[in-house]
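A short write-up of the structure that comes next.
Numbering of ligands and ligand atoms starts at 1, following listing order. Heavy-atom basis, side chains included; hydrogens, waters and symmetry copies ignored. Bear in mind the structure is a predicted one, so any value in this text is a computation, not a measurement. We count residues from 1, following the sequence as given.
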Amino acid sequence: MIPFNKPHATGREHGYIQQAIDGGHLSGNGPFDRRCGAWLEERIGCRRALLTSSGTAALEMAILLMGVGPGDEVVMPSFTFVTSASAVALRGATPVFVDVRPDTLNLDERAVADAITDRTRAIMPVHYAGVGCAMPELGALAEKHGLYVVEDAAHGILSSYDERPLGSFGELGCLSFHETKNVTCGEGGALLINDEALVDRAEIVQEKGTDRSRFNRGEVDRYTWVDLGSSFVASEINSAFLWAQLEEADRITADRMRVWQAYHERLEPLEQAGLLRRPQIPPQARHNAHMYHVLLPDRDRRDALIAAMATRGVQAVFHYVPLHSSPAGLRHGRVDGPLPVTDDVSGRLVRLPLWADLGEREVELVAGAVEEALAMGVGAV
Ligand SMILES: *Cc1c(COP(=O)(O)O)cnc(C)c1O
């Protein structure tokens, strides 16, 4: 069976974890945490990068930091992971779901403009598949209405738009290091802070609402509860694992890109035959091969393809079930207008196996299985 995902290990993870154990510092803010943070700050060009226990924790920190609360709204795509929205709903605020663009499946900037009200506090672009959203347009909208931009860049490490790294556009950005992401430590994330004015409070929010970070630096002689916060810090064991991956992040991305390109070339004739649609990458976006997805003509053929791939030993999977029509989305969110693209593409999308160590032969096997299933008319398989 070719699995959908297989987390990559660089081989140095064990050694670094042993180093952390030997160093006797296993909670947060240790040497590996600082190394990872500095790497992210340099590569992304953010003012500060704080490692968190998950991408979800980074999103929750971001919403807390912006002071978003009851009565406030945050505009985001319905076509995203649950926690983009739950981070907002947990503060008693309302996620406002809008449609995505048919090409990138990213937030539709025109739909965002329509959804802004006097309750809107922030826009949350989600860089689907590591392909950047139209950040200049979204940034202009935010500026015009005095809104924060918080990027859900969970897919987006080492991607850029207009040659600027994803996660560096908004006041805040969030990364995920979950097992399914390009660079991983099992569970982990980072909050990227681009707005200098938010840095001090970000440290407090991350440290359970205390000024412990200042205490650690010797700036105060004891620490105390000063604001709202929670336990968002990453364990040094995870940071040690993550450091092994960040050191190799460029190579991991290049390996994934080889797989992505191979699929893209191999599936071109199927697109020309009108059997599927390949990912569409705008010229401004340089992506990180986080995902390879194709769109089938309709839901039945999509479901049949997934089943046909399984019988050929390939695990292909669907993706986001739209949040605007989910049980909790209906309870906690607001929908702005009909979302025809979201409703349509979520039923037609298939993701193919993509991981750094996927070999040429396996890529050929996957692409061959797609080709064979479609040639037979997947309904009949
Ligand atoms: C993975 C992901 C998250 C959450 O990250 P975790 O580290 O799993 O908590 C949030 N948003 C998007 C778009 C994601 O893909």
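- Ring orientation note: the planes of Trp260 and Tyr292 are nearly perpendicular, at an angle over 60° on the 30°/60° scale.
- Those atoms of ligand 1 that come under 4.0 Å of a heavy atom in Gly188, given as number and element, are 7 (O).
- In terms of protein heavy atoms, atom 15 (O) of ligand 1 is closest to His155 NE2, 2.7 Å.
- When only non-hydrogen protein atoms are considered, atom 5 (O) of ligand 1 lies nearest to Ser176 OG, 3.3 Å.
- Ion pairing between Glu360 and Arg258 fails under the 4.0 Å rule for side-chain N and carboxylate O.
- Of all atoms in ligand 1, numbered sequentially from 1 with element shown, those under 4.0 Å from a heavy atom of His178 are 7 (O), 8 (O).
- Side-chain contact between Tyr16 and Phe241 is absent, with no heavy-atom pair separated by less than 4.5 Å.
- Those atoms of ligand 1 that come under 4.0 Å of a heavy atom in Gly55, given as number and element, are 5 (O), 6 (P), 7 (O), 9 (O).
- Of all protein heavy atoms, the one lying nearest to atom 2 (C) of ligand 1 is Lys181 NZ, 3.0 Å.
- Residue Phe177 has no nitrogen or oxygen atom sitting less than 3.5 Å from a nitrogen or oxygen atom of ligand 1, judged on distance alone.
- Using a 4.5 Å cut-off on side-chain heavy atoms (C-beta onward), Thr184 and Lys181 make no contact.
- Under a 4.0 Å heavy-atom criterion, Glu187 is not in contact with ligand 1.
- A cation-pi arrangement is found for Arg35 relative to Phe32, the charged atom lying closer than 6.0 Å to the ring centre and inside a 45° cone about the ring normal.
- The heavy atom nearest to atom 11 (N) of ligand 1, out of those in Asp152, Thr56, Val82, is found in Asp152.
- Taking a 6.0 Å sphere around CD of Gln272, one finds it holds more than 12 heavy atoms contributed by other residues, nucleotides or ligands.
- Looking at atom 14 (C) of ligand 1, its nearest protein heavy atom turns out to be Ala154 CB, 3.3 Å.
- A salt bridge links Asp298 and Arg301; the closest N-O separation between the charged side-chain nitrogens and carboxylate oxygens is under 4.0 Å.
- Two residues are said to be in side-chain contact when any heavy atoms from C-beta on lie closer than 4.5 Å; Arg212 and Thr224 fail this criterion.
- Interface atoms of ligand 1 facing Tyr320, defined by a heavy-atom separation under 4.0 Å, are 13 (C), 15 (O).
- Taking the side chain as every heavy atom from C-beta outward, Thr120 and Val96 never approach each other to under 4.5 Å.
- Contact atoms of ligand 1 toward Val126: 13 (C) (distance under 4.0 Å to a heavy atom of the residue).
- Of the protein's non-hydrogen atoms, the one nearest atom 3 (C) of ligand 1 is Phe81 CD2, 3.5 Å.
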